A.B. asks: 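There's a structure below that I have some questions on.
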Amino acid sequence: MKYTLDLTRQYYNLLQKEDSYTETVTDKTPESGIQSFYWDRNIVSMEVCRKDSS
């Protein structure tokens with residue numbers, strides 16, 4: 001698992017998390033994925049990108 005943090009912020013906002021596998025509520029199949037977080041004073045949004053296993 002890899003994390004990308006914003007070290008310029010007091011609490012090191014999480015910008016991106018990359019997993020070797022991701023499990024969602026509806027799909028329990030392990031697969032690679034990247035979660036990206038977009039910040040304004042509070043969290044604005046999160047984007048999930050899945051990597052193809054092929």
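The analysis underlying the following values was restricted to heavy atoms, covering all of them including side chains, and did not include hydrogens, waters or symmetry mates. Nothing here was measured: the structure is a model prediction, and the numbers come from that model.
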A.B. asks: Sequence neighbours left out, what passes side chain to side chain contact (heavy atoms under 4.5 Å, CB included) with N13? Give chain and number order.
C.D. replies: D6, R9, W39

A.B. asks: With Y11, which residues qualify under side chain to side chain contact (heavy atoms under 4.5 Å, CB included), at least two apart?
C.D. replies: none

A.B. asks: With sequence neighbours excluded, tell me which residues meet side chain to side chain contact (heavy atoms under 4.5 Å, CB included) with S36.
C.D. replies: Q16, I34, Y38, E47

A.B. asks: Does L15 form a side chain to side chain contact (heavy atoms under 4.5 Å, CB included) with F37? I'd like the steps, not just the answer.
C.D. replies: CA-CA 5 Å; L15 299 177; F37 301 89; 5.8 Å; no

